[in-house]
Amino acid sequence: IDAGDPSSPLDPDGTRNDMGVFYFHQTFGCTDPVASNYDPEATADDGSCEYGDCTPELFEYFQSMQQAFTCYETVTIDNELVESNDWVGAFNGDICVGSYLWDTSQCSNDACCVPAMGYDGNEFTEDYMQPGDIVTFKIYDASENVYFDAIPSSEVPPWEPNGIELIDNLNANSVVN
């Protein structure tokens with residue numbers, strides 16, 4: 001029965017869902033298990049879900065209309081595969097221009113791609129990549145809360161808008177960092 005009025009005093013939680021035959025108590029909160037503030041007790045989503053709060057501080061960046069991607073088949077620290085909660089960041093000097101949570105189960109053919117944003121005329125992207133710049137990379141080891149400079153297994157070509165490169169491996173050496 002959906003003929004109820006959520007603004008009626010007879011509807012204690014302000015929804016149309018329980019208007020009719022019997023009262024159904026709802027606990028509002030974030031019902032998306034992927035969100036950083038997921039509430040397993042919530043029975044009704046209230047729009048409060050938050051995403052991205054787990055991005056490492058040095059790996060935050062602004063989206064740009066100019067983008068390119070470097071895809072890696074493997075990412076390692078000391079030649080050991082990183083864990084699914086580790087991150088890879090793309091940099092122009094010391095400015096993060098893209099990052100990606102390295103969960104290969106979410107990637108195509110087990111190769112994940114790191115975005116590298118370019119300057120698109122927006123003030124937030126002023127120091128981002130421009131044609132000819134060389135992207136550098138860092139790996140964030142979440143279990144150790146440590147950032148490492150990382151080296152691709154082959155040369156990364158100069159950045160170009162809409163470029164896509166596939167490289168075998170990105171490795172960080174924890175001893176020299």
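These values consider heavy atoms only, across backbone and side chains, with no hydrogens, waters or symmetry-generated copies.
Counting only residues at least two apart or in different chains, side-chain hydrogen bond (donor to acceptor under 3.5 Å, both in side chains) contacts with residues 130-142 comprise K138-D149, Y140-N145, D141-S143.
Here CD of Q67 is found 10.5 Å from CD1 of I164. Values are rounded to the nearest 0.5 Å. Note that the SG atom of C112 and the CG atom of D103 stand 7.0 Å from one another [nearest 0.5 Å]. Interatomic distance, OG1 of T76 versus CG of L170, reported as 7.0 Å (0.5 Å rounding). In this structure, SG in C71 is found 6.0 Å from CG in L166, a value given to the nearest 0.5 Å. In this structure, the separation between CG on L81 and CG on N169 is 8.5 Å, given to the nearest 0.5 Å.
Aromatic rings from F59 and F91 are positioned such that their centres are separated by under 6.0 Å.
Side chains of Y72 and P152 form a contact here, defined as non-hydrogen atoms less than 4.5 Å apart. No side-chain heavy atom of C107 sits under 4.5 Å from any side-chain heavy atom of C113. For the pair F137 and V75, the minimum side-chain heavy-atom distance is 4.5 Å or more. When side chains are defined from C-beta on, D78 counts as touching N173, because their heavy atoms get closer than 4.5 Å. In this structure, F148 and S174 have side chains that are in contact, with non-hydrogen atoms separated by less than 4.5 Å.
Using modelled atom types, one side-chain atom of T74 and one backbone atom of D168 make a donor-acceptor pair closer than 3.5 Å. Side-chain N or O atoms of D86 include one that pairs as donor or acceptor with a backbone N or O of A142 at under 3.5 Å. Side-chain N or O atoms of N122 include one that pairs as donor or acceptor with a backbone N or O of F124 at under 3.5 Å.
Partners of N85 under the side-chain hydrogen bond (donor to acceptor under 3.5 Å, both in side chains) rule, at least two apart in sequence or in another chain, do not exist in this structure. Partners of D127 according to the side-chain hydrogen bond (donor to acceptor under 3.5 Å, both in side chains) rule, which considers only residues two or more places apart in sequence or in another chain, do not exist here. Every residue was checked against the ring pair (Phe, Tyr, Trp, His ring centres under 6.0 Å) condition with Y128, not counting sequence neighbours, and none meets it. Listed by chain and number, the residues in a side-chain hydrogen bond (donor to acceptor under 3.5 Å, both in side chains) with D46 are S48 (sequence neighbours excluded). Evaluation of the side-chain hydrogen bond (donor to acceptor under 3.5 Å, both in side chains) rule for N162 yields no partner, not counting sequence neighbours.
Placement of F69 and Y61 in two distinct hydrophobic clusters is found when ILVMFWY residues are connected by side-chain heavy-atom separations under 4.5 Å, directly or transitively. Linking ILVMFWY side-chain heavy atoms closer than 4.5 Å, directly or via other members, places V97 and I134 in two distinct hydrophobic clusters. Hydrophobic cluster membership is shared by V88 and I95, with clusters built from Ile, Leu, Val, Met, Phe, Trp and Tyr side chains linked at under 4.5 angstrom. Note on F62 and Y100: same hydrophobic cluster, where clusters join Ile, Leu, Val, Met, Phe, Trp and Tyr whose side-chain heavy atoms are under 4.5 Å apart, directly or indirectly. M129 and Y119 fall into different hydrophobic clusters, defined by Ile, Leu, Val, Met, Phe, Trp and Tyr side-chain heavy atoms under 4.5 Å apart, directly or through other members.
Annotation for Q26 and T43: closest pair CA-OG1, 3.3 Å, computed over non-hydrogen atoms. The two residues D45 and G47 come nearest to each other via the heavy atoms OD1-N, 2.7 Å. In terms of heavy atoms, E155 sits closest to I167 at O-CD1, 4.3 Å. Here the shortest heavy-atom pairing between T125 and S64 reads CG2-CB, 3.8 Å. A pairwise comparison of heavy atoms in N171 and I139 identifies C-CD1, 4.3 Å as the closest pair. The shortest non-hydrogen separation linking W159 to A116 is NE1-O, 3.1 Å.
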